[in-house]
*Asks:* 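The structure follows.
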Amino acid sequence: MSNSEEKTFHIGIAMAGAVSAGAYTGGVIDYLLQTLDSWEKAKANNRAIEAEFGRDESKGYDPTLPMHNVVIDVIGGASAGGITAALTALTLMEGFHKASPERPNKLYDSWVNLNDAGQTSTLEQMFSLRDLELSPEGVPSLLNSDPIEQIAQRALTLKGQRPLPPYISPNLEIILTLTSLRGIPLHVNFFDNVMTEAQKRGMDPARPAHTMKLHKGVAHFRMYADESAPDHILPLDPANEQHRQTLIESAIASGAFPLGLRPRLIKGTPLKYINGMIKRMFRLEGQELDYFELGTHADPFDFIAIDGGTINNEPFGEIIAVLEEKCKPKGEDYAIVMIDPFPNFEEDAATPAYDKLPPMAGLVPGIIGAIRGQAMMKENEVVRGFSSDFTRRMIFPKRDDDPYPISCGALDGFSGFFKREFREHDFELGRKNCQSFLRKYFGIKKEEATDVRIYQEVPRGANPHARFVKRGEDSQNYLPIIPDVRSGIGEAKDRTQIKTPDRIPIRTSEVMALQPGIQKRLLGILTHGVGSINRPRKGHASEEDLWVSNRMLRYFGKKEKPSRLFRWLKKTGFWIWDKWLAGIAAKQLSYSVLEAILKDFRKRGLVED
């Protein structure tokens with residue numbers, strides 16, 4: 001088949017949040033790119049032979065090799081998935097190669113190596129108090145986030161630059177979810193006419209509007225986007241360091257786990273982009289908003305961002321929208337692949353059902369769960385774009401019959417910071433699961449292959465690609481969308497299969513050895529948090545204006561300056577807390593934290609005594 005006759009199948013990849021289990025997602029992407037890379041080289045070899053000798057098998061032409069094209073048009077994610085999307089883009093800019101400990105690519109280096117340096121692990125660095133020393137206003141986060149910054153800046157540097165490979169769209173789009181604490185004010189106008197500019201600013205009570213705040217956002221990049229790109233697109237030129245920096249900043253913001261890691265202050269976002277993002281989110285592109293008004297006039301629009309997975313942890317809707325725009329007008333086929341280290345396979349029976357009203361305290365978990373569950377619900381995206389049986393697939397952790405297949409899944413995804421071997425295991429498990437997915441599940445029924453406009457050289461009943469055919473659980477024969485050229489037949493096939501990685505547990509003594517670091521961090525948080533209350537804040541003239549003093553004086557109905565006795569008592573109280581009580585509290589809390597860590601590790605088989 002000539003190159004002009006080869007058909008293209010399009011793919012979008014959505015990656016869910018995972019914290020340190022991003023190592024699993026990184027492994028999946030590593031094997032996916034390796035497979036595409038190997039297949040592309042095999043096709044290029046076939047084309048070169050055909051151009052010179054025709055399809056002469058004696059010259060090395062492989063008639064069993066599928067010659068259609070697969071192109072990844074869009075990748076995106078939330079939290080660790082968003083970070084992996086950014087790392088994937090940077091890896092492709094630099095030139096992909098299969099990861100190994102001796103020759104890591106950006107995916108392996110960022111997720112497996114983290115910021116380990118010499119004898120100091122990344123987790124120990126996260127117990128450092130340096131961020132507290134540089135934050136007089138208060139505690140920025142439970143863990144020191146400086147190592148995350150250092151990993152990101154390391155990933156930002158490109159060791160050379162190469163063109164994107166043929167299996168990646170030249171205008172690849174990268175979508176990262178964000179959660180804005182500021183929120184974007186939106187006004188739904190309950191009147192017929194468009195408001196004037198003055199009415200927008202003054203909100204004339206005679207023309208009422210219902211005001212809401214949108215906290216869900218996305219950072220949507222497009223490679224080599226020019227000035228003609230829509231307003232909701234941010235440009236990403238690999239040669240432009242500022243573009244790469246914006247990508248990294250957005251990735252860090254998407255992964256800023258609430259309270260656990262430091263939030264990000266996103267500055268300089270043009271109002272034009274905010275407006276375009278909202279119009280796209282509500283499917284209002286190209287329309288004049290006569291009933292829907294953006295309530296902010298701040299340009300640029302600065303905001304504090306936290307983990308994008310807080311309210312949008314599986315951004316498949318955004319990925320589908322890009323695929324629909326690119327593929328539907330041309331009648332081309334596409335698929336969305338979800339990578340989720342923590343898939344929710346919960347049965348309805350697992351959700352508690354109340355047969356009587358519980359006490360107030362018993363309602364709290366249900367209320368929090370209902371609020372977050374509804375925030376995560378995507379009414380429009382649930383049915384959008386799912387038009388055929390090969391359109392959607394999911395890759396998730398599978399390790400024999402282990403109910404806890406990944407090592408980084410404990411502690412809500414933070415366990416990967418405790419041991420490098422946990423991350424190595426999950427990276428390799430991701431590669432193994434991706435191999436199984438491509439060979440066994442990501443395919444098209446052989447009888448339908450010609451209808452999908454790939455494999456159109458395969459006549460019904462013929463089987464020239466027997467090497468790649470997989471018999472499904474429904475007893476149907478399937479042809480792969482992405483052929484794994486490493487796969488063989490029989491014993492040869494077995495030799496190419498990745499083995500299940502060995503799980504190396506952590507010793508109880510290794511966990512207990514972290515107690516001094518945990519205690520130090522907790523003590524720093526307790527003393528720094530209370531101490532920040534006692535320090536003068538920016539713009540306050542003197543100690544008489546301290547927050548505690550003012551609040552207490554107002555409580556007692558006094559307006560005069562605090563007495564010497566009051567100041568002495570206050571200083572004495574803080575001294576007792578700093579020198580005695582905080583230390584006792586930090587020590588007790590550290591052992592409680594370790595007890596909870598070991599309990600979760602034991603449940604998942606991650607610890608040995």
Side-chain angles (χ1 to χ4, degrees), residues 10-18 21-22 24-26 28-29 32-33 71-93 106-107 110-111 155 164 167-169 171-180 216-223 225 229-230 232-236 243-244 246-256 273 276-277 280-281 305 307-327 334-343 376 378 380-382 384-386 391-396:
H10 299 267
I11 292 178
I13 301 173
M15 294 173 274
Y24 174 84
T25 307
V28 171
I29 294 295
L32 175 64
L33 295 181
V71 171
I72 297 176
D73 290 283
V74 53
I75 54 176
S79 189
I83 293 172
T84 305
L87 290 172
T88 302
L90 292 167
T91 299
L92 292 166
M93 294 174 191
K106 289 188 182 298
L107 293 164
S110 299
W111 281 122
L164 294 177
Y167 51 84
I168 300 294
S169 169
N171 297 117
L172 176 70
E173 300 191 26
I174 302 102
I175 300 176
L176 316 177
T177 67
L178 301 172
T179 299
S180 166
K216 180 172 73 172
V218 296
H220 190 153
F221 297 85
R222 179 182 293 170
M223 297 277 274
H232 69 274
I233 294 294
L234 296 169
L236 180 58
H243 288 182
R244 302 199 311 272
T246 302
L247 175 68
I248 282 292
E249 287 284 334
S250 301
I252 297 173
S254 183
Y273 176 81
M277 180 192 74
R280 180 173 178 79
M281 197 173 291
D307 195 321
T310 306
I311 54 178
N312 188 11
N313 198 53
E314 297 92 10
F316 54 80
E318 289 78 6
I319 307 300
I320 291 172
V322 173
L323 290 173
E324 285 183 339
E325 291 168 358
K326 288 193 171 185
C327 302
Y334 60 92
I336 179 171
V337 176
M338 169 79 80
I339 306 172
D340 195 345
F342 303 129
M376 301 279 282
K378 309 170 183 66
N380 294 331
E381 282 77 13
V382 167
R384 189 165 190 238
F386 296 153
T391 305
R392 60 204 184 278
R393 291 290 186 271
M394 177 187 285
I395 306 177
F396 56 89

*Asks:* Start with the C-alpha gap between Met277 and His220, add the side-chain angles, then the distance that decides, and say whether side chain to side chain contact (heavy atoms under 4.5 Å, CB included) holds.
*Replies:* CA-CA 9 Å; Met277 180 192 74; His220 190 153; over 6 Å; no
*Asks:* Set out, in order, the CA-CA distance, both residues' side-chain angles and the distance that settles side chain to side chain contact (heavy atoms under 4.5 Å, CB included) for Leu323 and Asp73, then state yes or no.
*Replies:* CA-CA 7 Å; Leu323 290 173; Asp73 290 283; 4.3 Å; yes
*Asks:* Taking all heavy atoms of Leu176 and all of Ala85, pick out the closest pair and write down the distance.
*Replies:* CD2-CB, 3.9 Å
*Asks:* Given Tyr334 and Ile11, is the side chain to side chain contact (heavy atoms under 4.5 Å, CB included) satisfied, shown in steps?
*Replies:* CA-CA 5 Å; Tyr334 60 92; Ile11 292 178; over 6 Å; no
*Asks:* Test your reading of the model: is there a side-chain donor-acceptor pair from Thr179 to the backbone of Asp307, 3.5 Å cut-off?
*Replies:* yes
*Asks:* Using modelled atom types and a 3.5 Å cut-off, is there a donor and acceptor pairing between side-chain atoms of Asn313 and backbone atoms of Gly17?
*Replies:* yes
*Asks:* Within the side chain of Tyr24, is there an N or O that forms a donor-acceptor pair under 3.5 Å with the backbone of Phe396?
*Replies:* yes
*Asks:* For the residue pair Trp111 / Thr25, report whether a side-chain donor-acceptor contact shorter than 3.5 Å exists.
*Replies:* no
*Asks:* Taking atom CE of Met93 and atom NE2 of His243, what is their separation to the nearest 0.5 Å?
*Replies:* 10.5 Å
*Asks:* Would you check if Ile75 and Ile29 make a side-chain contact, meaning some heavy-atom pair closer than 4.5 Å?
*Replies:* no
*Asks:* Of all heavy-atom pairs between Ile319 and Ala14, which one has the smallest distance, and what is that distance?
*Replies:* CG1-CB, 3.9 Å
*Asks:* Quick one: CG on Leu234 to OG on Ser250, what's the gap to the nearest 0.5 Å?
*Replies:* 7.0 Å
*Asks:* Find the distance between CG (Leu107) and CG (Leu87) and round it off to the nearest 0.5 Å.
*Replies:* 6.0 Å
*Asks:* Mind checking whether Leu90 and Ile248 have side chains closer than 4.5 Å, heavy atoms only?
*Replies:* yes
*Asks:* Measure from the side-chain N and O atoms of Thr84 to the backbone N and O of Ala80, and report whether any donor-acceptor pair falls under 3.5 Å.
*Replies:* yes
*Asks:* Looking at every heavy atom in both Ala18 and Pro341, which two are closest together, and how far apart are they?
*Replies:* CB-CG, 3.5 Å
*Asks:* Nearest 0.5 angstrom please: Ile13 CD1 to Ile336 CD1, how far?
*Replies:* 10.0 Å
*Asks:* Quick check: closest heavy atoms across Ala305 and Ala256, and the distance to 0.1 Å?
*Replies:* O-CB, 4.3 Å
*Asks:* May I ask you to say whether Arg280 pairs ionically with Glu325, meaning some side-chain N is under 4.0 Å from a carboxylate O?
*Replies:* yes
*Asks:* Is a donor on one side and an acceptor on the other found under 3.5 Å between the side chain of Lys106 and the backbone of Thr91?
*Replies:* no
*Asks:* Please give me the minimum heavy-atom distance between Val71 and Ile168, naming the atom from each residue.
*Replies:* CG1-C, 4.0 Å
*Asks:* How long is the gap from CD on Glu318 to CE on Met281, to the nearest 0.5 Å?
*Replies:* 6.5 Å
*Asks:* Starting at CE of Met394, measure out to CD of Glu314 and round the result to the nearest 0.5 Å.
*Replies:* 7.5 Å
*Asks:* Can you spot which of Leu172, Leu236, Ile233, Ile175 makes a side-chain contact (heavy atoms from CB on, under 4.5 Å) with Phe221?
*Replies:* Leu236
*Asks:* For the residue pair Ser254 and Gly77, what are the closest heavy atoms and their distance?
*Replies:* OG-O, 4.2 Å
*Asks:* For Asn171, is there any backbone N or O sitting under 3.5 Å from a side-chain donor or acceptor partner on Ser169?
*Replies:* yes
